[in-house]
Each structure stands twice: as structure tokens, then as C-alpha cells.
Amino acid sequence: MDWIFEEWNGNTAHARALQQRLATQVRIQDELPPLRLIAGLDVGFEDQGRITRAAAVLMDAATHQPLAESLVRMPTIMPYIPGLLSFRELPALLQALSALPQIPDLLMVDGQGIAHPRRLGVAAHLGVVTDLPCIGVAKSRLVGIYDPLGDEPGDQVPLLDSSGERLGTVLRTKRRCNPLFISPGHKLSVDTATALVQGQVTRYRLPEPTRLADRLASQRNGCQSVLQHAI
DNA sequence: GCGACAG
DNA sequence: ATCTTGTCGC
């Protein structure tokens, strides 16, 4: 259990088995408590990947304004392996989340939710571990099939399992930009997750929470605060 | 066996 | 993800 957060022992079979057990705890539901605070989360790297940086940005859900932010750095514990991303990023993400001054009502993570080979993408894993509503906002596809989608912002098509099961939504948020792959991580449904993401999109491809977290976690353009009054 | 493959 | 300049288009 904790072995994977300590020192990566190369046992991918064990990691996959753990994912299958945790996927059992993912809850997909329509009801969602009133939300005032959303946290956007993302991870970046420094020193050629040896250092992992995780950023969390606390947002006012209604105004899209950042209220607080946190940035943590720690040694990278394992390499990137498709399907096992959460084990690589979760430790840092949990630290960044706990460093926020308040507990958010909803999390939006850069990566997949249940649109994953074993239904436990990083957003689903983080949701189960924290027991908070969580949405996966990925910039590209890991699994699933989908039909071509329109060019207008708001256009969307379902992301399906090979057996036709609904995994998420392929959503166009901006013209001439590749679509986003939205999937529930925990405590919400595909439709709720999609609507909530759309509600946080302004003029950019990414919804504000993950857009700001991405900006903060990224090594490029230095480590700038995303808080307005901080400039 | 061959390709696909979040970040 | 990250290494990197200019460049095409709104």
C-alpha cells in the first residue's frame, strides 16, 4: 500500500492490482453538494524529471477568481508508465492539496478520471483517497472511442468503452484547439462533470482551475504566482 | 506479433 | 512532462 509512495520497486503487476481494488471505491452519482470552492491541480517537473512539482489553486467557483495557491516540490519516485500515472503524481498532489488554507468542495485534476484501463485514472485515485468530488480534465486520450465532434465551442461527443459503456465526454472548449477529455473521478456523474467543467471555461482551452494550476506547476516562464494581488 | 499509450 | 525559435492566424 505505502510501498508505492516510498520507493518504486518496479512491480507494475502489484500497482495494477491495487488500482482494481481502489476502483471499487469510486462513486458515480448525480447529486453534488453546493459548491463554492474549486481546486485546480497539476504537476510539472524540474531537473530533467528528477524533481516533481505539484500545484494547487483554490478558486471561487462563481467568479473564477483564484483565492489561494500552493506549490510543493519533492523527489520524483517513479517513471511515467501509461496507466500508472497516479502513483507517480499522487504524493505531490496530496501535499499541494493539504497546503491550501481551506478544503475545496470539488477538485479538477489534469488527467483522466474513470477513462482508464482499470477505471482509476489519477483524478479517480485522488478522489477516492480524499473522498472529495473530483473531475479528470485530460488534454489527450488514454482509452475510449468517440465519433468526430463539431468545431464550435461547447460541441461534445461521448467517450465510450469498447463495450459501449460511458466513460466521459470529449469536449471542444475553444475553436481550432484540440478537445478536452472529461471524465468523472469521484462522487459525480459524467454529465455533472462535463457541465461543471464547461462552467469554468472562459477564453482558453482549459477551464480556469487547471489552467492556473498548470501555469503554476510548469517550469517554463518561471514560478509566477497566479494570484492577481500578488503581482 | 504490432500498435497504442493521461503526464 | 520537458528540451526550444520562429511563425502562422485571430
Side-chain angles (χ1 to χ4, degrees), chain A residues 4-5 8 12 15-16 19 22-23 26 40-56 71-97 107-128 134-146 151-153 159-162 167-186 190 193 197 202-207 209-223:
Chain A
I4 202 133
F5 290 164
W8 172 237
T12 57
R16 292 195 178 88
Q19 289 184 323
L22 290 175
V26 170
L41 298 148
D42 191 25
V43 167
F45 298 89
E46 314 175 3
D47 193 21
Q48 299 172 181
R50 285 187 282 268
I51 299 296
T52 297
R53 302 161 42 111
L71 180 63
V72 302
R73 300 165 75 256
M74 53 199 310
T76 299
I77 57 176
M78 67 172 274
Y80 166 69
I81 301 174
L84 300 182
L85 180 70
S86 64
F87 295 112
R88 174 174 160 92
E89 303 192 341
L90 218 55
L93 287 173
L94 287 169
Q95 296 249 339
L97 181 59
L107 308 179
M108 285 182 44
V109 187
D110 189 314
Q112 311 290 349
I114 61 171
H116 175 278
R118 290 163 297 281
R119 306 290 188 276
L120 196 82
V122 61
H125 198 157
L126 181 61
V128 167
C134 187
I135 300 174
V137 182
K139 298 183 291 297
S140 64
R141 186 199 74 102
L142 175 58
V143 295
I145 55 179
Y146 59 99
D151 306 312
E152 305 303 314
L159 180 64
L160 305 173
D161 188 72
S162 56
L167 294 177
T169 301
V170 183
L171 175 70
R172 180 91 61 194
T173 53
K174 189 182 193 317
R175 285 179 185 278
R176 284 175 247 79
C177 283
N178 292 324
L180 262 29
F181 295 75
I182 312 303
S183 60
H186 192 48
V190 171
V197 168
T202 59
R203 66 164 73 176
Y204 307 96
R205 178 164 86 118
L206 298 178
T210 51
R211 188 179 75 82
L212 295 184
D214 183 274
R215 204 153 83 63
L216 186 58
S218 181
Q219 175 68 315
R220 55 185 186 266
N221 60 38
C223 32

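Residue numbering restarts at 1 for every chain, and letters A, B, ... go by the order of the sequence lines.
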Subject >> Within 45° cone and under 6.0 Å: A:R211 NZ/CZ vs A:Y204 ring >> reply: yes
Between the protein and nucleotides 3-7 of chain B, which nitrogen or oxygen pairs come in under 3.5 angstrom?
{"residue": "B:dC5", "atom": "OP1", "partner": "A:R141", "partner atom": "NH2", "Å": "3.0"}
{"residue": "B:dA6", "atom": "OP2", "partner": "A:Y80", "partner atom": "OH", "Å": "2.5"}
{"residue": "B:dA6", "atom": "N7", "partner": "A:G83", "partner atom": "N", "Å": "3.2"}
{"residue": "B:dA6", "atom": "N6", "partner": "A:G83", "partner atom": "O", "Å": "3.1"}
{"residue": "B:dA6", "atom": "N6", "partner": "A:L84", "partner atom": "N", "Å": "3.4"}
{"residue": "B:dA6", "atom": "N6", "partner": "A:L85", "partner atom": "N", "Å": "3.1"}
{"residue": "B:dA6", "atom": "N6", "partner": "A:H116", "partner atom": "NE2", "Å": "3.4"}
{"residue": "B:dA6", "atom": "N1", "partner": "A:V122", "partner atom": "N", "Å": "3.1"}
{"residue": "B:dA6", "atom": "N3", "partner": "A:Q112", "partner atom": "N", "Å": "3.2"}
{"residue": "B:dG7", "atom": "OP1", "partner": "A:K139", "partner atom": "N", "Å": "2.8"}
{"residue": "B:dG7", "atom": "OP2", "partner": "A:S140", "partner atom": "OG", "Å": "2.9"}

**OP:** Answer yes when A:R172 and A:E152 have at least one side-chain N-carboxylate O distance shorter than 4.0 Å, and no when they do not.
**Re:** no
Subject >> Flag side-chain contact, heavy atom, 4.5 Å: A:I51 against A:F45 >> reply: no
Original post:
Should A:R175 and A:D151 count as an ion pair when the cut-off is N to O under 4.0 Å?
Top reply: no
Subject >> Atom-pair distance (CG on A:D47; C1' on C:dA1), nearest Å >> reply: 14 Å
Original post:
Does a salt bridge link A:R53 with A:D47, judged by any charged N lying under 4.0 Å from a carboxylate O?
Top reply: no
